[in-house]
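Below is one structure, written out as structure tokens, with a few remarks after it.
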Amino acid sequence: MAITVKFFARLREEVGRADDVVAFEPGLSVTDVWRSATHGRAMPESLLVAVNMAYARGDVELRDGDEVAFFPPVTGG
Amino acid sequence: MAITVKFFARLREEVGRADDVVAFEPGLSVTDVWRSATHGRAMPESLLVAVNMAYARGDVELRDGDEVAFFPPVTGG
Amino acid sequence: MQVQIRAEPFDPHAEMGRYQAGLQSRGAMGAAASFIGMLRDHNEGAAVREMQLEHYPGMTEKHLLDICSAAMSRWPLIDCLVLHRTGRIRIGETIVLVATWAAHRGDAMDACRFIIEDLKLRAPFWKKERLEGSERWVEKNTSGYSL
Amino acid sequence: MQVQIRAEPFDPHAEMGRYQAGLQSRGAMGAAASFIGMLRDHNEGAAVREMQLEHYPGMTEKHLLDICSAAMSRWPLIDCLVLHRTGRIRIGETIVLVATWAAHRGDAMDACRFIIEDLKLRAPFWKKERLEGSERWVEKNTSGYSL
């Protein structure tokens with residue numbers, strides 16, 4: 001099983017892809033997923049995180065099958 | 001010459017007319033015009049006054065040809 | 001800047017769209033705000049059948065223009081529009097439309113609110129409600145919030 | 001309550017009119033408030049040619065519905081509507097429409113403002129501006145007032 005990873009906007013361009021998959025293992029946090037999917041890139045200070053389409057913090061522990069999204073500050077409206 | 005007097009809404013109904021004319025004399029105030037046009041009726045506490053279509057106070061001294069309007073609190077919008 | 005007293009029903013959405021389409025500085029407009037007031041079928045505990053709306057021809061137009069001018073000088077507005085009904089008004093019909101245009105949202109929304117609040121407080125209009133079998137003058141405007 | 005992401009241009013005035021005409025409780029509605037955001041030809045000192053607007057399919061709709069639900073529970077609203085563009089947007093085109101309906105004006109205007117401010121702060125949309133010969137991501141939304 002696995003964690004689905006998504007990148008949006010400037011972050012998608014910087015990381016070089018919109019989607020990724022990270023292998024699930026018990027105790028995996030959002031921060032772990034970021035490190036794994038970006039090969040250790042520093043987490044931007046203004047980074048926003050959503051787990052299963054709801055805003056979440058970096059220390060959230062994930063469950064198998066979760067969708068984790070990383071994106072910059074939003075600029076809609 | 002004269003002062004034109006107007007009454008609106010509930011006040012028009014109570015006074016029994018929409019328009020009136022009061023003879024001008026030097027020193028005439030808005031309050032004088034009210035007394036003259038209403039035959040001494042008490043001035044309602046919430047009464048609003050306009051002179052030449054701009055809000056005014058009761059002690060304003062009038063000039064010949066002025067239009068004085070009396071009306072209750074406004075309820076537009 | 002436009003202010004009109006209307007004796008006949010109007011569609012506030014179509015009026016706002018038409019007015020906006022006629023504005024020159026389209027590229028400068030980032031925000032529009034509007035308020036629409038409509039006749040409800042209940043007011044202060046009584047069922048309302050319809051309403052008669054009276055104004056002070058001349059002063060009302062002048063006062064609405066003054067309110068709009070005050071808003072235009074207080075906020076960096078591109079334009080504003082006020083349409084207000086008079087005469088016999090039926091349930092659901094629009095009583096007033098206030099619309100503002102600006103580069104930025106805060107200015108448009110603050111100015112729109114300022115105009116409708118000042119209009120409610122000071123513009124010479126008077127409402128007489130026709131209830132079931134009786135009539136009454138509306139005594140004063142309320143704060144605009146449900147109790 | 002309706003929330004839609006639109007990939008094509010829309011007329012916000014016609015959309016609001018159409019939605020309002022479909023509402024049941026016409027006699028209960030005393031107030032409607034709206035905010036319309038449009039693409040300006042200038043932003044932060046640069047001439048803007050057009051814009052590309054990206055969203056997070058699924059989360060964006062969910063988040064807008066959450067904002068509307070929060071507004072409906074905080075104010076006694078009758079209904080609310082949010083339409084938001086995505087894709088390639090040209091100068092003057094509408095980016096967002098927020099509309100609210102209530103019995104009283106304060107509730108409608110406060111809720112409309114709450115929705116657009118929360119949308120600006122938290123709804124997952126990202127703007128990329130195309131300038132003369134270059135592109136840039138918009139870094140963050142501003143307070144909504146001219147400097």
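Sequence lines set the chain letters: A, B, ... in the order given, protein chains first and strands last, and positions in each chain run from 1.
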Checklist entry - If you round to the nearest 0.5 Å, how far is CH2 of C:W126 from CZ of B:R12? => result 9.5 Å
Item to check | Check: B:R10 and C:E139 side chains under 4.5 Å, non-hydrogen atoms | outcome: yes
Checklist entry - Between C:K120, C:M38, C:K127, C:H55, which residue shows the highest count of heavy-atom pairs closer than 4.5 Å to chain B? => result C:K127
Checklist entry - So which of C:Q52, C:K140, C:H84, C:R85 has the largest heavy-atom pair count under 4.5 angstrom toward chain B? => result C:H84
Checklist entry - For C:L121, is it the side chain, the backbone, both or neither that has a heavy atom under 4.5 Å from a heavy atom of chain B? => result backbone
Next on the checklist: Does anything in residues 54-77 of chain B reach chain C? List residues with heavy atoms under 4.5 Å apart, or say none.
Outcome noted: B:A54, B:Y55, B:E67, B:A69, B:F71, B:P72, B:P73, B:V74, B:T75, B:G76, B:G77
Checklist outcome for this item: For B:F8 and C:P57, the nearest pair of non-hydrogen atoms, with its separation, is CE2-CD, 4.4 Å
Item to check | Side chain to side chain, B:M53 and C:Y56, heavy atoms closer than 4.5 Å | outcome: yes
Item to check | Segment of C:K62 engaging chain B (4.5 angstrom heavy-atom cut-off) | outcome: side chain
Item to check | Residue part contacting chain B, namely of C:K128, when any heavy atom lies under 4.5 Å | outcome: side chain
